[in-house]
Amino acid sequence: MDEQALLGLNPNADARYRQRAMAYFEQLKESQDAWEVCAEALAKGIYNDDHVKFFCFQVLEHQIKFRHAGLSAVQQQLIRETLMKWLQCQLMNNQPEKPFIRNKAAQVFALTFIMEYLTLWPKFFFDILSLVGLNPHGIDIYLRTLMAIDGEVVDRDILHSPEETRRNTLIKDGMREQCIPHLVESWFQILQTYQQSHPELTCQCLEVVGSYVSWIDLNLIANDRFVNLLLSQLSVEELREEACDCLLEIVNKGMDPVDKTKLVESLCQVLQSAGFFNVEQEEDVDFLAKFSRLVNGMGQSLVLSWTKLAKTGNVKEAADTLQAVEAKVPLLLQLLVHEDDDISANIVGFCYEYLHVLKQVNHPALSPQAIMLAVMKKLTYDDEYNFENEGEDEAMFVEYRKQLKMLLDRLAQVSPELLLEAVRRVFTNTMQNWQTAPFMEVEVAIRLLYMLGEALPASHGAHFSGDTAKTSALQDMMRTLVSCSVSSYQHSSVSLEFFETVVRYEKFFLVEPHHIPNVLMAFLDQRGLRHNSPKVRSRVAYLFSRFVKTLHKHMNAFIEDILTRIQDLLELAPPENGFLALLTSDDQLFMFETAGILIVNGESPVERKQALMRSLLLPLMDAFRLLLAKLLQETEEERQAALADCLSHAVGFASRTSKAFSNKQTVKQCGCTEVYRDCMQTFLPALSCPFQRGVLRSSVRSFLHRMIICLEEEVLPFIPAASEHMLKDCEAKDLQEFIPLISQMTAKFKRQVSPFLQQVFMPLVLAIFEVLARPAEENDQAAALEKQMLRRSYFAFIMTIAASGMNEVMANQGAENIERVVFTIIQGAVDFPDPIAQKTCFITLSKLVELWGGKDGMVGFPDFIYKHIVPACFLAPLKPTFDLSDAQTVLTLSECALTLKMIHLKRGPEFIQFLQQEYLPSLQVSPEISQELCQVIQQPDVKVLKNYMKAFFQRAKL
C-alpha cells in the first residue's frame with residue numbers, strides 16, 4: 001500500500017497528505033483488484049493505526065455495495081474469507097477495536113449478508129456463530145452486525161426502492177425459514193450468560209431482540225422462559241431500561257386483538273406480582289420514564305384491541321378488554337401525577353385514548369374526575385422555572401403543557417359540565433385569597449379559565465351568549481378576574497395570564513362594559529405597558545391593540561386620556577446606543593396602530609381627529625428630517641446603519657397608523673389627507689440618499705403601498721419621482737420589490753396611470769434586463785434564487801400590464817422594444833424550467849394574442865404568432881424538464897392549451913390549416929394525430945383540450 005498516502009488518513013495530517021489519501025482512496029475504489037491489498041491488510045492485521053483499518057473497511061464496503069456483481073467468484077470468496085479471518089483475530093485480541101471500527105466492520109458484514117445470503121452464503125449466521133461461540137469480542141461484532149442488518153433490511157424510516165423492498169422481503173422470509181429459531185436461541189444464551197459479567201453486551205442483545213421482534217414469530221420470544229428472563233433483568237440496575245424497551249417492542253407487535261389482550265394481561269400480572277406497579281417506592285426516575293412508556297404501550301394496545309373488538313361485535317371479548325383497560329387506570333394516574341414531567345408525559349398517549357373510550361361508553365363508574373385533577377395539578381409551574389432566562393428545561397415544560405392541554409380538551413369532550421365545574425371551583429377558591437397564594441397557583445387558576453376558551457369552543461368567541469350554564473359560569477369568573485385586583489399580583493407569569501385571558505374573552509366587556517375603565521388602567525400602568533419585565537410589556541403592547549380594536553366603541557370618553565398616557569411610548573427611540581426604551585420598535589408598531597384606531601374611530605368632530613392625527617405624526621416627520629440630514633453627513637458605516645434603522649422605524653410607524661382607516665372611515669372623511677401628504681413629502685427624499693439604500697427604499701416602498709390604498713389618487717403626483725429614484729442603481733431584490741408597487745397602481749388606477757406607465761415601462765424593463773444579465777458566480781445559490789424571483793416578478797409585471805386593458809402602454813413602446821419584450825416572454829415560457837414563471841408567460845401570451853392577434857390587431861403580430869407563439873406551445877411541454885407529474889407544471893400546460901384556444905379564436909381556420917399543413921408535420925406528427933388535435937382545438941369545451949394535451953405530450957415523451 002502507498003504508505004505516504006496512508007499518512008494523510010490521520011485527521012491532524014496536513015492538507016497535502018490528506019489530498020493524496022483521498023486520491024488513493026478513489027484509485028483503490030475504482031481499480032479491478034487493487035482493493036485486494038486492503039483485504040489482505042485486514043485479514044492479516046498488518047496495520048495498527050485505527051484510521052488505516054477504517055480506511056480498508058471503507059474500500060471493501062465500496063466494492064460490496066457498488067461492484068459486487070462485477071467481482072469474480074474468487075474475489076467474492078476473498079471478501080468472505082477476509083471478514084471471517086478478521087473476526088477470528090478479534091477473538092484472540094485482548095483489547096477490542098474502537099467502537100467506530102467495530103461499527104464499520106458490522107456494516108460491511110451486513111452488506112455482504114444482503115448481497116450473498118440468498119445465493120452464495122446461506123450459512124452466514126451459522127458460520128459466524130460457530131466461529132465466535134460465546135467469546136465476548138465476537139458476540140459484540142455479531143450483535144452489531146444484526147443491528148446493521150436491521151437498519152438495511154427492516155428499518156421503516158429508511159426509504160427503499162421497489163427492487164430493494166422485494167429483496168428485503170425475500171431475505172426476511174429466508175431468515176424466518178432457515179435461521180431465526182437459532183438466532184433467538186443465541187440471544188437467550190447471551191442474555192443468560194452475560195447479564196452479570198458484561199451488562200453492555202446484554203443491553204446490546206436486548207436492543208437486537210426489540211428490533212427483530214416486530215417481524216419474527218412472537219412465540220419464540222413471548223414464552224415463559226424468555227419473558228421470565230426479561231423480567232428478572234428489570235431488577236438489574238444496568239439492564240432494566242433496555243429490558244423495559246424490549247418488552248415495549250413485544251407489546252407493540254401487531255397481532256389479533258384477543259391475543260394482544262392476553263399477552264398484555266399476562267405481562268401485567270407478572271409485573272404487578274413482582275411489585276413494579278408500586279410506583280411511589282421506585283426512586284430510579286430514568287427507569288420509571290421507560291416503565292411509563294411500557295405502561296403507555298400496554299394501555300394503548302388494549303384500547304386498540306377494544307376498538308377492534310367493539311367494531312366487529314365481539315361483545316364478551318370487548319367487555320373483557322375494557323375491564324383490562326379500566327384496571328390500568330390507577331397505575332395510569334400514579335404515573336400521570338408523578339413529579340417528574342418526563343414520566344408523566346410518557347403516559348399522556350394512553351390517557352388520551354382512555355378518555356376517548358370514556359366518551360364512547362358513557363360509564364358512570366368511570367368518572368374522568370381523577371384525571372382532571374391530575375392534569376390541573378401538573379399544569380402548575382415548579383419553583384425552578386426560570387422566567388427571565390428560559391432555556392431547554394423551560395422549553396420542555398412548555399411542550400409538556402401543550403400535551404396536557406390536549407388532555408384538557410379531550411376531557412371537555414367527555415364531560416364539559418364536569419370540567420367547567422372543576423375549573424370554577426379551583427378558580428374561585430384561588431381568587432378569594434390570591435394575595436397569600438404562591439404565584440404558580442394563581443397563574444394556573446387563570447390559565448385554566450383561559451384554556452376553557454378552546455376546550456369549550458364558541459363560534460367567533462361568542463362565549464357570553466347561548467348555553468346559560470356555561471355563559472353564567474364564564475361570566476362569573478371573568479367578573480371575579482377583573483374586579484378582584486389580581487392584576488396587581490407581582491409575578492410576570494400572572495400578569496401575562498391576566499392580560500391573555502382578558503383579551504381572549506374580550507366579548508365579556510360588550511356584556512358588562514362598566515369593567516372597561518379598570519382593565520384599561522391595568523393595561524396602561526405598571527401592571528401592563530409599564531411592567532418591570534420587558535417580556536410582559538412587549539406582549540401587552542400587542543394585546544392592548546387587540547383589546548382596543550374590539551372595544552373602541554366603548555372607549556370614546558377616554559380616548560384623549562389614553563393618548564396622553566401612552567404619549568411617551570410613541571416616541572421614536574434615538575439611534576444612540578445604550579438608550580433603554582420601554583418598548584422595542586416592533587412593539588411600538590402596535591402602539592401606533594392602537595393610537596390610530598382610537599383617533600379614527602372616536603366620535604370627535606373631523607377637525608379634532610385631524611389635530612390628533614397631526615400631533616401623532618408630526619413628531620415622526622420632524623425626527624425624520626433631522627435624522628436624514630445627519631445620515632447624509634455621516635461617514636462611519638455602523639452609525640449610518642443605526643440612523644437608517646431609525647429612519648425606517650419612523651416610516652413604519654406612520655405606515656402603521658394608516659391601518660386604522662376602513663371603507664367606512666376613510667382618510668378623506670377623517671380630514672387626514674393633508675397630514676399623510678406631508679408624510680409623503682417628508683419621506684420621499686430618503687430615496688435619493690446614497691447610503692443604506694436597501695433599508696430606506698424598503699420602508700418608503702411599504703409606505704407607498706399603504707398610501708395607494710388610503711390616499712387613492714392623491715398619491716399619484718408623488719409616484720413618478722419616487723419611481724425614478726427607485727430605478728437608480730438597483731439590485732435584483734430592489735426591483736423585485738418595486739414591481740408589486742407598479743402592479744398595485746396599475747390594478748387600482750388603470751387609465752389614470754397610463755401616461756406614467758408608458759413613461760416608466762421601458763426604463764423598468766431595461767433595469768431588469770441589466771440586473772439579470774449581470775454575471776454571477778456558478779455556485780452562488782442565493783444570487784441564482786434572487787434572479788429567479790426577479791424573473792418571476794418581471795413576467796408577473798408584463799402579465800399585469802397585458803391584462804389591465806391598457807393596450808397603449810406596450811403598444812406605444814416602439815416596434816423594436818415590443819419585439820424584445822415579447823421575445824423574453826417566449827423565452828420564459830420555453831427555456832427556463834420554472835413552472836410558476838412559465839404559467840405566467842403563457843397567460844401573458846394568450847392575453848397578447850387576444851389584444852393584437854385579430855383582424856384589427858397590431859401589424860405583423862399574426863406572423864409573430866405563427867413563428868414564435870405556436871412553437872412555444874409545443875416546445876415547452878416537450879422539454880425534458882417539463883414534468884407532467886408535477887401539479888404546478890400541469891397548470892402551466894392548461895395555460896398553454898388556453899393559448900392555442902385563443903389563437904384559434906382570433907385566427908380561425910387559417911390557424912388550423914397552419915397546424916395541419918406546416919407546423920405539426922415539421923414535428924413529425926402523423927396526419928391522424930394531427931387531425932385529432934385540430935378537432936379537439938375546435939371543440940367548445942376547453943377541458944377536453946387540456947386533457948388531450950396532457951395525453952398528447954405524455955405519448956410524445958415516451
Side-chain angles (χ1 to χ4, degrees), residues 376 379-381 383 385 387-388 420-453 461 463-464 471-548 550-552 554-555 557-559 561-562 564-566 569 582-583 594:
M376 290 181 181
L379 275 167
T380 312
Y381 284 113
D383 292 332
Y385 193 99
F387 288 90
E388 293 316 309
L420 191 61
E421 200 35 61
V423 170
R424 187 181 193 164
R425 198 167 50 248
V426 171
F427 180 81
T428 311
N429 291 345
T430 311
M431 289 305 121
Q432 275 167 354
N433 49 22
W434 65 262
Q435 289 93 336
T436 52
F439 84 87
M440 54 280 273
E441 284 178 23
V442 181
E443 191 275 345
V444 89
I446 304 174
R447 177 81 177 182
L448 285 165
L449 169 56
Y450 176 82
M451 288 167 101
L452 282 179
H463 290 285
F464 301 94
T471 304
S472 69
L474 281 175
Q475 217 163 314
D476 282 353
M477 286 189 270
M478 277 304 290
R479 199 177 298 121
T480 304
L481 180 72
V482 296
S483 57
C484 74
S485 308
V486 73
S487 56
S488 311
Y489 197 101
Q490 294 295 301
H491 194 282
S492 60
S493 70
V494 176
S495 307
L496 276 174
E497 213 51 68
F498 171 81
F499 289 110
E500 295 281 1
T501 307
V502 159
V503 172
R504 165 159 282 182
Y505 297 113
E506 54 200 3
K507 300 263 169 75
F508 162 75
F509 298 96
L510 298 174
V511 185
E512 301 193 16
H514 54 278
H515 294 292
I516 290 177
N518 282 341
V519 175
L520 274 176
M521 278 315 296
F523 268 113
L524 294 167
D525 63 21
Q526 74 294 338
R527 290 170 285 175
L529 288 166
R530 296 170 194 286
H531 197 281
N532 54 16
S533 155
K535 186 176 164 188
V536 174
R537 294 197 298 270
S538 175
R539 185 71 184 153
V540 168
Y542 161 71
L543 292 170
F544 183 49
S545 77
R546 281 200 28 202
F547 189 71
V548 170
T550 305
L551 300 167
H552 57 75
H554 297 273
M555 297 181 188
F558 326 115
I559 287 175
D561 183 25
I562 297 171
T564 307
R565 286 173 189 270
I566 62 172
L569 301 174
L582 277 174
L583 296 177
T594 307

So Glu497 and Val444, side chain to side chain contact (heavy atoms under 4.5 Å, CB included) or not? Walk me through it.
CA-CA 9 Å; Glu497 213 51 68; Val444 89; over 6 Å; no
Any heavy-atom pair between the side chains of [Y] and [X] that's under 4.5 Å?
| X | Y | value |
| --- | --- | --- |
| Ser493 | Arg447 | no |
| Val423 | Met376 | yes |
| Met440 | Asp383 | yes |
| Tyr505 | Met477 | no |

For Ile566 versus Arg530, what's the shortest heavy-atom pair and its separation?
CA-NH2, 4.3 Å
For Gly453 and His463, which heavy atoms make the closest approach, and how far apart are they?
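Gly453 and His463 have their closest heavy atoms at O-CE1, 3.4 Å.
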Atom pairs and distances, side-chain donor-acceptor, residues 481-488, under 3.5 Å, sequence neighbours left out:
from	atom 1	to	atom 2	distance (Å)
Ser483	OG	Arg479	O	2.5
Ser487	OG	Arg527	NH1	3.0
Ser488	OG	Ser485	O	3.3

Gap between atom [atom2] of [Y] and atom [atom1] of [X] - 0.5 Å precision:
| X | Y | atom1 | atom2 | value |
| --- | --- | --- | --- | --- |
| Asn518 | Phe509 | CG | CZ | 9.5 Å |
| Leu543 | Arg546 | CG | CZ | 6.5 Å |
| Phe498 | Tyr489 | CZ | OH | 15.0 Å |
| Met555 | Thr550 | CE | OG1 | 8.5 Å |
| Arg504 | Leu449 | CZ | CG | 9.5 Å |
| Leu569 | Leu582 | CG | CG | 6.0 Å |

Going by the rule salt bridge (charged side-chain N to carboxylate O under 4.0 Å, His left out), which residues pair with Glu506 if we only count those two or more places apart in sequence or in a different chain?
none
Quick one: salt bridge (charged side-chain N to carboxylate O under 4.0 Å, His left out) partners of Arg537, sequence neighbours excluded?
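Arg537 satisfies salt bridge (charged side-chain N to carboxylate O under 4.0 Å, His left out) with no residue once adjacent residues are dropped.
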Could you give all pairs that pass the side-chain hydrogen bond (donor to acceptor under 3.5 Å, both in side chains) test and reach residues 423-438, with sequence neighbours left out?
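Sorted pair list: Arg424-Asp476.
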Output all residues satisfying ring-ring contact (aromatic ring centres under 6.0 Å, His included) with [X], sequence neighbours left out; order by chain, then residue number.
| X | value |
| --- | --- |
| His491 | Phe387, Phe439 |
| Tyr450 | none |
| Phe499 | Phe523 |
| Phe427 | none |

side-chain contact (heavy atoms from CB on, under 4.5 Å) partners for Ser495, two or more places apart
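With sequence neighbours excluded, Ser495 shows a side-chain contact (heavy atoms from CB on, under 4.5 Å) to His531, Val536, given in chain and number order.
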Name all residues meeting the side-chain contact (heavy atoms from CB on, under 4.5 Å) criterion together with Asp561; count only those two or more places apart in sequence or in a different chain, and write none if there are none.
Arg565
Pick one: which of His554, His515, His514 meets ring-ring contact (aromatic ring centres under 6.0 Å, His included) with Phe508?
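It is His515, the one option of His554, His515, His514 that forms the ring-ring contact (aromatic ring centres under 6.0 Å, His included) with Phe508.
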Set out, in order, the CA-CA distance, both residues' side-chain angles and the distance that settles side chain to side chain contact (heavy atoms under 4.5 Å, CB included) for Ile446 and Met431, then state yes or no.
CA-CA 9 Å; Ile446 304 174; Met431 289 305 121; 3.7 Å; yes
Which pairs with one or both residues in residues 431-446 pass salt bridge (charged side-chain N to carboxylate O under 4.0 Å, His left out), sequence neighbours excluded?
Arg401-Glu443
Test Phe547 against Leu520 for side chain to side chain contact (heavy atoms under 4.5 Å, CB included), laying out the working first.
CA-CA 9 Å; Phe547 189 71; Leu520 274 176; 4.2 Å; yes
What verdict does the side chain to side chain contact (heavy atoms under 4.5 Å, CB included) test give for Leu524 and Phe544, after you've listed the backbone C-alpha separation in whole Å, the side-chain angles of each residue and the deciding distance to 0.1 Å?
CA-CA 9 Å; Leu524 294 167; Phe544 183 49; 4.0 Å; yes
Pairing residues for Ser538 by the side chain to side chain donor-acceptor pair (under 3.5 Å) criterion, not counting sequence neighbours
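Checked Ser538 against side chain to side chain donor-acceptor pair (under 3.5 Å); matches are Asp587.
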